[in-house]
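So the structure is just underneath, and the comments pick up after that.
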Amino acid sequence: MVKTEYSTQEIHRLCTITPVIPVLVVDDVKHAAPLAAALVAGGLTVLEVTLRTAVALEVIKEMAQVDGCIVGAGTLITETNLKDALAAGAKFGVSPGATNNLIAASEATKLPFLPASATVSEAMGLAERGYVVQKFFPAEALGGPAALQAISEPLPHVSFCPTGGISIKNAKDYLSLSNTLCVGGSWVAPKALLKKQAWSQITSLASEAMALKPTKKC
């Protein structure tokens, strides 16, 4: 339980640094460092690199060297994913779900872990194990802010980082909820801007995201 408490405390800290955690899918390693620098320049210092590309681990290694950047690994679904992410320099891990094997593997390391829930039962099960900060995925498909608001009533002790279908248009709706610490989104680093290496535009999107700090609902 000690490792679980450390993991949850660190994840809570990371999720309260900025209102948005960029969810990044990077296909070209040469984009890693300038992308991280552009996001950090805009104020977004906590970044999630998804393990959805062949170069994701190399991207994590590059971003880990960027001053001011706290890079984590997303789409962790196996014990191997978790160990590889840790070796690459990831400071935290994120999963689209949660399995007993993956949780056990995370607890065997020092990598802070953000597991995901999609139902009240899953959220309750994770909370029983000490994971009171969870990812809510896929947020929009599961009912969006209305679903999270409903979940907060029986589970006020559980906080979330919702991801999946979130954009600049609806992010504030999530961030206004009492049980939402931050949101995850890919809109701050769209593929079109990565392809053009439009780093200044990405910095502008990051700055816009940083301004999403609405007053919490009771």
Side-chain angles (χ1 to χ4, degrees), residues 1-23 43-48 70 72 74-77 91-107 110-187 209-218:
M1 183 61 74
V2 173
K3 288 184 178 179
T4 302
E5 290 176 356
Y6 162 75
S7 176
T8 297
Q9 290 171 1
E10 180 62 6
I11 288 295
H12 186 280
R13 185 184 75 82
L14 294 173
C15 286
T16 53
I17 292 176
T18 61
V20 179
I21 294 179
V23 179
L44 299 182
T45 56
V46 182
L47 315 179
E48 175 190 338
I70 304 171
T75 323
L76 300 181
I77 58 176
K91 299 301 182 184
F92 64 96
V94 184
S95 174
T99 67
N100 288 332
N101 287 341
L102 189 60
I103 291 175
S106 73
E107 291 174 353
K110 294 182 179 180
L111 187 68
F113 183 57
L114 179 64
S117 60
T119 68
V120 171
S121 292
E122 290 176 357
M124 289 171 61
L126 286 170
E128 283 183 355
R129 299 186 67 157
Y131 295 92
V132 292
V133 179
Q134 304 170 16
K135 175 178 174 176
F136 184 63
F137 176 82
E140 281 291 282
L142 292 173
L148 272 177
Q149 176 65 45
I151 289 172
S152 72
E153 296 175 8
L155 302 179
H157 59 299
V158 181
S159 298
F160 296 92
C161 170
T163 69
I166 299 177
S167 69
I168 190 67
K169 295 180 180 179
N170 60 10
K172 273 193 175 183
D173 294 333
Y174 287 93
L175 291 167
S176 67
L177 301 176
S178 61
N179 62 344
T180 297
L181 299 177
C182 64
V183 299
S186 59
W187 83 86
M210 273 296 293
L212 296 171
K213 297 180 179 180
T215 302
K216 294 288 184 180
K217 294 179 181 177
C218 297

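Residues: numbered from 1 along the sequence shown. Remember, it's a predicted structure, so these values are computed and weren't measured experimentally. Quick note: numbers below take in every heavy atom, side chains included, and nothing from hydrogens, waters or symmetry partners.
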(request) Supply the atom-to-atom distance T4 OG1 to E107 CD, rounded to the nearest 0.5 angstrom. (result) 3.5 Å
(message) Let me confirm one number: the OG-CG distance from S106 to L111, rounded to the nearest 0.5 Å.
(response) 8.0 Å
(message) How close do L76 and S95 get, counting heavy atoms only, and between which atoms?
(response) O-OG, 3.0 Å
(message) On a heavy-atom basis, which atom in C182 and which in T180 lie closest, and how many Å separate them?
(response) O-CG2, 3.4 Å
(message) I'd like to check L148 versus Y174 (side-chain heavy atoms, cut-off strictly below 4.5 Å). Are they in contact?
(response) yes
(message) Show the nearest heavy-atom pair for residues K110 and Y6, with the distance to one decimal.
(response) O-CE2, 3.8 Å
(request) Please list, chain by chain and in numerical order, all residues satisfying side-chain hydrogen bond (donor to acceptor under 3.5 Å, both in side chains) with S117, sequence neighbours excluded. (result) Q134
(request) Give the C-alpha distance, both sets of side-chain angles, the deciding distance and a yes or no for side-chain contact (heavy atoms from CB on, under 4.5 Å) between Y131 and I11. (result) CA-CA 10 Å; Y131 295 92; I11 288 295; over 6 Å; no
(request) Verify, without hydrogens or angle tests, whether N170 (side chain) and G165 (backbone) share a donor-acceptor contact under 3.5 angstrom. (result) yes
(message) Between H12 and L181, does the side-chain contact (heavy atoms from CB on, under 4.5 Å) criterion hold? Intermediate values first, please.
(response) CA-CA 8 Å; H12 186 280; L181 299 177; 3.7 Å; yes
(request) Using atom types as modelled and distance alone, determine if a side-chain donor or acceptor of Q149 lies under 3.5 Å from a backbone N or O of P145. (result) no
(request) Grab the two heavy atoms, one from I166 and one from G184, that are nearest each other, plus how far apart they are. (result) CB-O, 3.9 Å
(request) Please list, chain by chain and in numerical order, all residues satisfying side-chain hydrogen bond (donor to acceptor under 3.5 Å, both in side chains) with T75, sequence neighbours excluded. (result) R52
(request) Calculate, to the nearest 0.5 Å, the distance between atoms CZ and CD belonging to F92 and E48 respectively. (result) 6.0 Å
(request) Check side-chain contact (heavy atoms from CB on, under 4.5 Å) between V20 and all other residues, then give those that pass, not counting sequence neighbours. (result) L44, V183, W187, A209, L212
(request) Heavy atoms only: give me the nearest L175-P19 pair and the separation to one decimal. (result) CD2-O, 3.5 Å
(request) For T8 and G130, indicate whether the former's side chain and the latter's backbone hold a donor-acceptor pair under 3.5 Å. (result) yes
(request) Applying side-chain hydrogen bond (donor to acceptor under 3.5 Å, both in side chains), name anything that partners N101, two or more places apart in sequence or on another chain. (result) none
(message) How long is the straight-line distance from CD of E140 back to OG1 of T163, given to the nearest 0.5 Å?
(response) 11.0 Å
(request) Apply side-chain contact (heavy atoms from CB on, under 4.5 Å) to the pair I151 and V120, showing each step before the final yes or no. (result) CA-CA 7 Å; I151 289 172; V120 171; 4.0 Å; yes
(message) Counting C-beta onward and ignoring hydrogens, is there a side-chain heavy-atom pair between V133 and C161 closer than 4.5 Å?
(response) no
(message) Can you pull out every ring pair (Phe, Tyr, Trp, His ring centres under 6.0 Å) where at least one residue sits in residues 133-162? Sequence neighbours excluded, please.
(response) F136-F160
(request) Starting at CD1 of I103, measure out to CG of L126 and round the result to the nearest 0.5 Å. (result) 5.0 Å
(request) Please report the shortest heavy-atom distance between P22 and L47, naming the atom on each side. (result) CG-CD2, 3.7 Å
(request) Output all residues satisfying side-chain contact (heavy atoms from CB on, under 4.5 Å) with I17, sequence neighbours left out; order by chain, then residue number. (result) R13, L14, T45, V46, I70
(message) Holding to side-chain contact (heavy atoms from CB on, under 4.5 Å), I want the full list of residues that pass it with P154, two or more places apart in sequence or in another chain.
(response) none
